[in-house]
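Below you'll find the structure, written out as structure tokens, and then a few comments.
Residue numbering restarts at 1 for every chain, and letters A, B, ... go by the order of the sequence lines. Keep in mind that this is a model prediction, so the values were computed, not measured.
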Amino acid sequence: MEIKKIKRSEDYSAWYNNLVKSADLAEHSDVKGCMIIKPYGYAIWEKMQAELDRRFKETGHQNAYFPLFIPKSFFTKEASHVDGFAKECAVVTHYRLKVDPETKEIIVDPDAKLEEELIVRPTSETIIWNTYRSWIQSYRDLPILLNQWANVVRWEMRTRLFLRTTEFLWQEGHTAHATQEEAVAETRQMLEVYADFAENILAVPVIKGVKSANERFAGAIDTYCIEGLMQDGKALQMGTSHFLGQNFAKAFEVKYVTKENKQEYVWATSWGVSTRLMGALIMSHSDDEGLVLPPRLAPIQVVIVPIFRKEEEKIIVMEKATAYFQLLKKQGISVKLDDRDNLTPGYKFADYELKGVPVRIAIGPRDVQNGTVEVARRDTKEKQVMSAADLEHKIPHLLEQIQANIYQRALDYRSEHIHTVDTWEEFMDALENKTGFVSAHWDGTSETEEKIKEMSKATIRCIPLNNPQENGKCILSGEASKERVLFARAY
RNA sequence: CGGGGUGUAGCGUAGCCUGGUAUCGCGCCACAUUUGGGAUGUGGAGGUCGUAGGUUCGAAUCCUGCCACCCCGACCA
């Protein structure tokens, strides 16, 4: 495979698209806006799923599965919800094809029109709350703590691999609670789960916050989010956790009887992260040589590349390489021994760099003689010769170091790209020339937020949690404000 | 949906203006020599030129429609 080199600094989106394809993560399908996730990309997603799923179960959730199709009448019961999603719904209207007697072509059978159209789920609140009505009678039935791993469809106008595709994979948690306090606590808890996952597994620092009214989920009282900063200075919403109040309970008549024998509406939350996290991962760490994967997510953590010239060299090198392979494998490290003899070491080095493999171990006849190996790390591209006897204890440590270094690098980048401004001129200068998050005062109104968006293409990413209170004046209207919010141009 | 661009072998491309059945590189297959940073040689396989029409003796090339993708907008938890 000849690799087209596109520099990050020259054309970020071309670089991104090229990387997704050349690192074998995903490709465009023949269906508009839909992607094919290739085995290497899917392996990374599976590791994300495993980490998230474990955290969901640790916090008391169970997995379930609800239908792909939602009857239109369910979907339209919650007014603001349908408003938010109406423009991007795929709708099933018929259930059969037939051969046109005249043209002999396959056509939709007009006689097979559905009595009621089905919406391909863009999210599952409605069908789940329609179900919860029959599951919940008493306070003893609460809470319900469910998650589902699913695909959803949102008919977006413009798509980008992983970041915004028509169909995408995600998980959506849907919980039901007896009290507001409990539901709010759940919403906050899941935000913490997401933040912990993003920082410790993806190695992407995130800002936890709450969305402004304009950016809130359709049907939510409060939308909490984690926001990441990509290498091109644009923000990316990486996960959301919604406090839905009693909106869906009221729309679907989900009530329970309290200890005091009173009828109350149930309190709801929903929360989700998607394959968009793959985009976040790629855009946070990768470089001109290709992907850079945090060890905790890398399908291959260590690759061993044997180097040999003649058959007798191959025998002695492979013997050592196999021994090191077994040694590392026994430690629970995901290790690959690439013994293909039709490719040169140089090719393999470049290829595993493209794929983001954190650690590469090269071993040749020289090493066998000296009892050494060459260890190269992907994040810094540093190489060192180390004694083979040190492998056992140094490699696990190195993997942890790489994980920490990648995170620190992303954190440093973000710290350098949060700009505090007090005037409109400074605000525009920060957005245009410095990029990243801009911390500024805002008068709290949707009108001002809307105007700022029109004038600057920046949106309020979030009002950070534990935001310090500080008196100031809105950068646009000059009205009084008591806290700063974070703006950015976003994906 | 608006503006701009692209579509030729698995990938990247030349040819198009000025019509005559397609160029080169990578990759692939075989063999040999190679292998410490993307190996070399020799031989070979691989093509509805995005798609549907039209003009023409003849279309990758000219004309029209359509489709897909990319970039910039609009749109978007």
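In this structure, A:Arg121 forms no cation-pi arrangement with A:Phe69, as its terminal cationic atom is not both closer than 6.0 Å to the ring centre and no more than 45° off the ring axis.
For A:Glu289 and B:G37, a side-chain-to-base donor-acceptor distance below 3.5 Å is absent, hydrogens and geometry of angles not being considered. Contact of A:Lys383 with B:G37 (side chain to base): a donor-acceptor pair of N or O atoms is detected under 3.5 Å. Interface remark: the A:Arg158 side chain does not form any donor-acceptor pair with the B:C75 base, using a distance-only criterion of under 3.5 Å. A:Arg309 contributes no side-chain N or O that forms a donor-acceptor pair with the base of B:G36 under 3.5 Å.
We find that CD of A:Glu353 is positioned 12 Å from P of B:G37, with the value rounded to whole Å. With rounding to whole Å, A:Glu311 atom CD is found 13 Å from B:U35 atom C1'. In this entry the distance linking CZ of A:Arg160 with P of B:C69 reads 14 Å, nearest Å. Distance, A:Arg164 CZ to B:C70 P: 13 Å, rounded to whole Å. With rounding to whole Å, A:Met157 atom CE is found 8 Å from B:A74 atom C1'. Look at CG on A:Asn342: it is 11 Å from C1' on B:U35, rounded to the nearest Å. In this structure, the CG atom of A:Asp351 is 13 Å from the P atom of B:G27, given to the nearest Å. B:C26 atom P lies 15 Å from atom CG of A:Leu343, rounded to whole Å.
Taking atom C1' in both B:G54 and B:A45, the straight-line distance is 36 Å, to the nearest Å. Comparing the P positions of B:U40 and B:G46 gives an interatomic distance of 25 Å, to the nearest angstrom. To the nearest whole angstrom, the two P atoms, one in B:U55 and one in B:C1, are 30 Å apart. Here, B:A52 and B:A68 have their P atoms 15 Å apart, quoted to the whole Å. Nucleotides B:C17 and B:G53 have their C1' atoms positioned 24 Å apart, rounded to a whole Å. With C1' as the reference atom, B:A32 and B:C16 are 42 Å apart, rounded to whole Å. Remark: the separation of the C1' atoms in B:C24 and B:A14 is 7 Å, to the nearest Å. Nucleotides B:U8 and B:U21 are separated by 13 Å at their C1' atoms, to the nearest Å.
The partner of B:C16 is absent, by the rule that a Watson-Crick or G-U pair needs both atom distances under 3.5 Å. Nucleotide B:A39 forms a pair with B:U33, judged by Watson-Crick or G-U wobble geometry with both contacts under 3.5 Å. Using N1 to N3 plus N6-O4 or O6-N4 for Watson-Crick, or N1-O2 and O6-N3 for G-U wobble, each under 3.5 Å, B:G25 pairs with B:C11. Using N1 to N3 plus N6-O4 or O6-N4 for Watson-Crick, or N1-O2 and O6-N3 for G-U wobble, each under 3.5 Å, B:A52 pairs with B:U64. Across all strands shown, B:G46 has no partner, as no Watson-Crick or G-U wobble contact with both distances under 3.5 Å is found. With a 3.5 Å ceiling on both atom-pair distances, the Watson-Crick or G-U wobble partner of B:C69 is B:G5.
Across all strands shown, A:Trp170 has heavy atoms under 4.0 Å from base atoms, whether or not it also approaches the sugar-phosphate. Base engagement by A:Phe168 is indicated by at least one non-hydrogen atom pair under 4.0 Å involving a base atom. Residue contacts shown for A:Thr344 include a base, since a base heavy atom lies under 4.0 Å away. A:Gly33 comes within 4.0 angstrom of sugar-phosphate atoms only, judged by non-hydrogen atoms across all strands, and of no base. Residue-level contact check: A:Ser13 touches the backbone only, with heavy atoms under 4.0 Å from sugar-phosphate atoms and none from bases. Nucleic acid contact for A:Glu313: none, since no nucleic acid atom lies under 4.0 Å from a heavy atom of the residue.
For A:Arg366, the side-chain atoms get nearest to B:G36 when compared with the rest of B:G38, B:G37, B:G36. Among the nucleotides B:C76, B:G37, B:C69, the one closest to the side chain of A:Lys32 is B:C69. Of the candidate nucleotides B:G36, B:U35, B:C69, B:C69 has the atom nearest to the side chain of A:His28. When distances are taken from the side chain of A:Pro345 to each of B:C69, B:G36, B:C76, the shortest belongs to B:G36.
Counting heavy atoms of neighbouring residues, nucleotides and ligands inside a 6.0 Å radius, atom CD of A:Glu319 does not exceed 12 of them.
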Kindly indicate, with the supporting measurements, whether the criterion side-chain contact (heavy atoms from CB on, under 4.5 Å) is fulfilled by A:Lys38 and A:Glu27.
CA-CA 7 Å; A:Lys38 298 183 76 177; A:Glu27 60 188 43; 3.6 Å; yes
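For A:Phe85 and A:Phe217, the gap between ring centers is short of 6.0 Å. Ring centers of A:His81 and A:Trp129: at least 6.0 Å apart, outside the cut-off. Annotation: A:Phe427 is in aromatic contact with A:Phe487 [ring centroid separation under 6.0 Å]. The distance between the ring centers of A:His174 and A:Tyr132 does not fall below 6.0 angstrom.
When each of A:Glu215 and A:Val368 is assigned the nucleotide of RNA chain B with its nearest heavy atom, A:Val368 is the one assigned upstream, toward the 5' end. Annotation: of the two residues near RNA chain B, A:Asn17 and A:Ile363, the 5′-most nearest-nucleotide partner is A:Ile363.
In summary, A:Arg55 and A:Glu51 engage in a salt bridge, as defined by a charged side-chain N under 4.0 Å from a carboxylate O.
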